[in-house]
Amino acid sequence: VPVVVFHLVEGRHPDAAVGRLLERACVLFADVLETPVARVRAFAQTYPPQRVAVGGSLVSDGAAEAPFFQFALLAGRPEEQRRRLLAGFTDLLVDVLGADRALVRGGIWTVAPEDWTIGGVTAAELRADEIRARAAAESGRT
């Protein structure tokens, strides 16, 4: 599942910096979840400044940019992993893009394994297949 989306104001950050944000977000996600980085997806969605309001004022009229991120996780992930990801994505926005920490917001979408698909197969089915394969491999070693 690991998917993160950063919502940013367009034209505020060089493409290279946004690219670094996405690359580092993939590595963070993979490290925290102990999953291959090839499974991780990261996106940057940008919006024109006249289409973003912070505190009731448009960014085009001088309101500060306030980045927002959201990420999807399969239900049941430990609280420690969730906490590390929330803090880590915030840190990346601050460190890579220079965001004001107090203005960064983010959240988690938890998804039931039977409601998430990978290549058209539900994560619940894939997880069951992986468990069976591990059990078979273990029984073959004894």
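Everything quoted here is computed from the prediction, not taken from an experiment. Count residues from 1 along the sequence.
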So does [Y] get a backbone contact from the side chain of [X], meaning a donor-acceptor N/O pair under 3.5 Å?
X   : Y   : answer
Q81 : V32 : yes
E65 : V9  : yes
S57 : V54 : no
R82 : R77 : yes

Quick check: closest heavy atoms across [X] and [Y], and the distance to 0.1 Å?
X    : Y    : answer
A30  : V37  : CB-CA, 3.7 Å
V40  : C26  : CG1-CA, 3.6 Å
V18  : A44  : CG1-CB, 3.6 Å
A64  : V59  : O-CG2, 4.0 Å
P113 : T122 : O-CB, 3.9 Å

Side-chain contact test, heavy atoms from C-beta onward, threshold under 4.5 Å: evaluate it for [X] versus [Y] and give yes or no.
X    : Y    : result
Q45  : F43  : no
T35  : P2   : yes
V111 : L73  : no
L28  : V4   : no
T90  : R101 : yes
F69  : V104 : yes
F71  : V5   : no
D100 : V94  : no

Please check if [X] and [Y] belong to a single hydrophobic cluster, counting links between Ile, Leu, Val, Met, Phe, Trp and Tyr side chain heavy atoms closer than 4.5 Å.
X    : Y    : result
F6   : V3   : no
L126 : L74  : yes
L33  : L22  : yes
V52  : L103 : no
F68  : F29  : no

Check this for me, if you would: do R83 and E80 make a salt bridge, where the nitrogen-to-carboxylate-oxygen distance has to be below 4.0 angstrom? yes
Do D31 and R84 meet the salt-bridge criterion of a basic N to acidic O distance under 4.0 Å? no
Report the distance from atom CG of L97 to atom CZ of R12, rounding to the nearest 0.5 Å. 12.5 Å
Hey, could you give me the CG/CZ distance between L92 and R20, rounded to the nearest 0.5 Å? 11.5 Å
Strictly under 6.0 Å, is that where the ring centroids of H7 and Y47 end up? yes
